[in-house]
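Please read the structure below before turning to the comments.
Labels below follow one simple rule: chain letters A, B, ... track the order of the sequence lines, proteins then strands, and each chain is numbered from 1.
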Amino acid sequence: MQYWLMKSEPDEVSIDDVMSAKGKTVPWFGVRNYQARNFMRDAMQVGDGVLFYHSSCPEPGIAGIAEVVSGPYPDATQFDPRSHYYDAKATQEQPRWISVDVKGVRKTRLLSLAEMRTLPQLEDMVVLQKGSRLSITPVTPAQWKHVMALLKGD
DNA sequence: GCCAACGTTGGC
DNA sequence: GCCAACGTTGGC
């Protein structure tokens with residue numbers, strides 16, 4: 001059992017989109033970075049906890065709690081020429097990119113990036129490190145607990 | 001829109 | 001394998 005922070009642009013998939021999706025579950029598509037892909041492929045397990053983070057938006061920050069509900073499988077968008085995420089070098093036989101399914105647990109108040117940066121308990125979070133751009137980053141149990149406590153009831 | 005930081009590509 | 005050029009991310 002591990003914990004992750006996963007970034008999504010709310011214009012594309014917001015926490016509200018997840019909570020209103022069928023089964024509150026969405027495929028995590030569009031990851032096109034090998035490090036992030038490898039986390040999904042090699043480390044993530046069903047039941048892992050996810051901090052759902054809104055990025056590239058007016059108020060970036062943690063917007064909800066989710067969980068991993070599938071193992072890795074090929075990301076369908078890599079095969080779709082009309083998709084923004086199309087990858088001509090990917091084939092059905094040899095896919096390059098993968099998805100996992102993520103299920104919304106609950107929407108929370110926004111724990112903004114600015115607030116996160118004020119919390120000493122979170123200062124070592126990978127996502128807060130200078131220059132960190134990875135869309136999927138590990139979260140320690142202590143960090144997870146602290147965020148859960150902060151968002152309890154919100 | 002700016003720009004720092006990082007990732008990828010491709011020539012050599 | 002090196003590394004310059006270019007592309008992307010993402011906060012501000």
Contact summary for A:Gly49 and A:Met1, nearest pair of heavy atoms: N-CE, 4.0 Å

B/S/- contact track for nucleotides 5-10 of chain B, protein heavy atom under 4.0 Å: BBSS--

Side chain to side chain donor-acceptor pair (under 3.5 Å) partners of residues 120-138 of chain A, not counting sequence neighbours, each pair once: A:Gln121-A:His146

Residues in side-chain hydrogen bond (donor to acceptor under 3.5 Å, both in side chains) contact with A:Gln78, at least two apart in sequence or another chain: none

Salt bridge flag under 4.0 Å for residues A:Glu115 and A:Arg109: yes

Cationic N near anionic O, under 4.0 Å, A:Asp75 to A:Arg32: yes

